[in-house]
Amino acid sequence: MRALPIAARVYIGLVVLSAVAVIVIGPHAGIDPATLALVVVLYVVTESISTTMHNSKAGISPSAAASLAAVVLVGPIGAAAGALCSAPFVLRRQNIVKRLFNGGQLALVGYAAGHAFLALGGGIGAPDRTDFPWILVPFCAALVVYGVANALLMGCLMWCLGVVHLQPPRRVRWRTLATLEGASLGYGMLGLFIAAVWGVIGAPAILLVLLPLFIARWAFDQCIAEQRAHEATLATLCQAVETKDYYTRGHCMRVSRGAGMIAQQLGMHAERVQTIRYAGMLHDVGKLGVPTKVLQKPDKLTEEEFAAIQLHPMRGYEIVREIGFLDEALAGIMHHHERMDGRGYPMGLAGTDIPEFARIISVADAFDCMTSTRSYRKARSIEEAFAELRRGSGTQFDPTMVAALITAVDRDGWELPDAVEPPGDDSAVVAQQDHDDPSVPLRVAGEAER
């Protein structure tokens with residue numbers, strides 16, 4: 001508890017005390033103790049099978065089903081009491097503070113949803129056939145109140161903890177929130193099913209509803225595991241690329257970060273920002289198709305070797321084009337070496353014919369290259385890199401993207417990477433040029449510098 005910010009401690013205390021207060025004040029009339037005890041069991045089971053989201057910062061549990069069922073079966077006070085009483089028995093690794101907050105939060109949202117249910121004509125107790133379909137009106141109202149109250153209570157906690165900050169709507173990851181809320185509402189509707197079955201067969205209803213809850217949890221776990229596998233695959237591809245040239249280690253992830261900063265500065269939706277981060281991670285994956293001796297050649301390139309370098313965006317596209325979730329990232333990977341004046345590669349696109357993602361990655365790619373140490377030069381300062389990007393604005397780089405990167409870096413900062421130490425066995429051949437470095441263009445034998 002002492003490790004938490006003061007604001008979070010105060011907030012958690014208020015939530016728990018409020019939950020206790022509403023339960024003590026009551027009224028308690030009409031609550032069947034046996035039903036309440038079984039509701040507590042239902043809360044314990046549903047809270048014990050929660051699932052963590054892929055980023056490990058959020059989770060979802062079927063407890064909405066238990067809470068909404070409790071609203072119908074034992075009313076607002078019963079729903080609150082059941083939630084708070086179940087907290088110590090949840091079978092998860094949680095400290096006492098988290099258990100208290102979860103219990104208090106569930107108690108308050110159940111209490112609020114229960115009053116919405118009663119206000120619109122809902123009655124306490126297991127519904128029978130005559131209650132349908134009209135019970136759907138108060139129940140749906142309770143469901144909406146549950147979702148809103150839950151979001152507010154959790155949002156305030158995250159704000160007190162400093163995990164989330166107020167930000168423009170375009171920067172919010174609405175798809176993730178919609179997934180969470182959609183799953184919660186789905187579980188909530190299951191609460192009416194539980195209450196209806198309870199009215200027909202009584203307490204054994206718990207056994208009937210637990211199986212679909214476990215199946216739903218299993219299906220959700222599969223989705224999360226698939227998303228984690230996607231990101232692990234991308235990280236593995238990055239490592240495979242960077243093992244071909246140790247001076248570029250970390251480059252892919254830094255380009256991913258820089259591209260994300262530009263996209264956020266441009267006000268892109270959070271889902272597109274995530275997609276362009278994927279594009280940044282994979283923008284050089286086509287190097288896997290370029291001979292290592294070409295990538296690390298210390299002398300000028302031949303025409304054939306330069307052509308092999310120019311093919312890496314196309315090869316990158318071919319390697320990852322079957323990965324469905326990359327979407328717009330594919331265009332960024334394929335065209336990130338196009339130039340605004342049409343002298344880039346692989347297709348010689350110019351101006352706004354170059355996909356927006358590619359224009360963003362081009363700037364982030366060059367910026368990280370210039371601010372990283374290479375075998376042929378030390379890292380340039382951020383101001384020197386900015387100056388080079390400005391010199392290339394309108395000819396090589398999109399001026400809008402350059403301005404967005406400069407603004408974002410000035411505001412949020414940029415951590416310069418440490419110099420990569422070369423192997424000590426003198427066996428490695430290192431390149432004396434980098435195709436990403438606009439300040440030192442590639443040298444091709446028999447031609448003027450490019």
Side-chain angles (χ1 to χ4, degrees), residues 1-23 47 50-64 67 79-80 83-84 87 90 92-113 115-116 142-185 187-188 224 227 257 260-261 263-274 277 407-408 411-413 415:
M1 185 75 168
R2 291 180 180 176
L4 297 174
I6 294 177
R9 281 184 270 172
V10 171
Y11 177 73
I12 291 171
L14 287 175
V15 168
V16 175
L17 288 176
S18 300
V20 172
V22 299
I23 294 169
E47 271 289 279
S50 66
T51 300
T52 303
M53 297 291 285
H54 74 283
N55 58 8
S56 300
K57 294 180 179 177
I60 187 168
S61 76
S63 56
S67 186
L84 197 59
V90 173
R92 290 164 58 190
R93 290 184 178 179
Q94 292 178 328
N95 59 41
I96 185 65
V97 175
K98 193 166 186 178
R99 285 178 183 272
L100 285 173
F101 175 77
N102 286 348
Q105 174 221 356
L106 268 178
L108 291 182
V109 295
Y111 180 78
H115 277 288
L143 190 59
V144 171
V145 170
Y146 179 94
V148 172
N150 190 51
L152 287 175
L153 288 171
M154 286 304 299
C156 288
L157 177 65
M158 295 297 106
W159 183 77
C160 291
L161 291 173
V163 176
V164 298
H165 306 280
L166 295 177
Q167 53 185 327
R170 293 178 67 86
R171 293 191 179 185
V172 176
R173 298 193 66 179
W174 292 111
R175 186 179 299 176
T176 302
L177 288 178
T179 300
L180 284 170
E181 287 302 316
S184 181
L185 290 176
Y187 282 134
I224 298 299
Q227 191 157 6
R257 177 172 175 251
M261 291 170 69
Q264 284 185 327
Q265 183 61 34
L266 295 175
M268 286 187 180
H269 286 290
E271 282 74 21
R272 287 190 80 204
V273 173
Q274 183 60 41
R277 285 179 176 143
T407 301
R411 183 188 61 236
D412 301 332
E415 185 176 352

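This chain uses plain numbering: 1 for the first residue, then up along the sequence.
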Working to the nearest 0.5 angstrom, can you tell me the gap between [X] [atom1] and [Y] [atom2]?
| X | Y | atom1 | atom2 | value |
| --- | --- | --- | --- | --- |
| Met154 | Phe101 | CE | CZ | 5.5 Å |
| Leu14 | Leu153 | CG | CG | 11.0 Å |
| Gln264 | Arg277 | CD | CZ | 5.0 Å |
| Ile12 | Leu17 | CD1 | CG | 12.0 Å |

Report task. Return yes if some donor-acceptor pair links the side-chain N/O of Arg92 with the main-chain N/O of Arg99 below 3.5 Å, else return no. Result -> no
Query - Listed partners of Arg272 passing side chain to side chain donor-acceptor pair (under 3.5 Å), at least two apart - result: Glu328, Glu356
Query - Test side chain to side chain donor-acceptor pair (under 3.5 Å) applied to Glu47 - qualifying residues, sequence neighbours left out - result: Ser61, Ser63
Any idea which heavy atoms bring [X] and [Y] closest together, and the distance?
| X | Y | answer |
| --- | --- | --- |
| Ala79 | Ser67 | CB-O, 4.3 Å |
| Ala87 | Gly103 | CB-CA, 4.0 Å |
| Ala142 | Ala116 | CA-CB, 4.1 Å |
| Val273 | Gly260 | CG1-O, 4.0 Å |

Requested in this report: Please name all residues satisfying ring pair (Phe, Tyr, Trp, His ring centres under 6.0 Å) with Tyr146, sequence neighbours left out, ordered by chain then number.
Outcome: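 For Tyr146, no residue satisfies ring pair (Phe, Tyr, Trp, His ring centres under 6.0 Å) once neighbours in sequence are set aside.
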Listed by chain and number, what are the side chain to side chain contact (heavy atoms under 4.5 Å, CB included) partners of [X], not counting sequence neighbours?
| X | result |
| --- | --- |
| Ile96 | Leu100 |
| Ala408 | Met261, Gln265, Arg411 |
| Ile23 | Ala80, Ala81, Leu84 |

**Report entry** Step-by-step side chain to side chain contact (heavy atoms under 4.5 Å, CB included) determination, Asn102 to Val90
**Finding:** CA-CA 10 Å; Asn102 286 348; Val90 173; over 6 Å; no
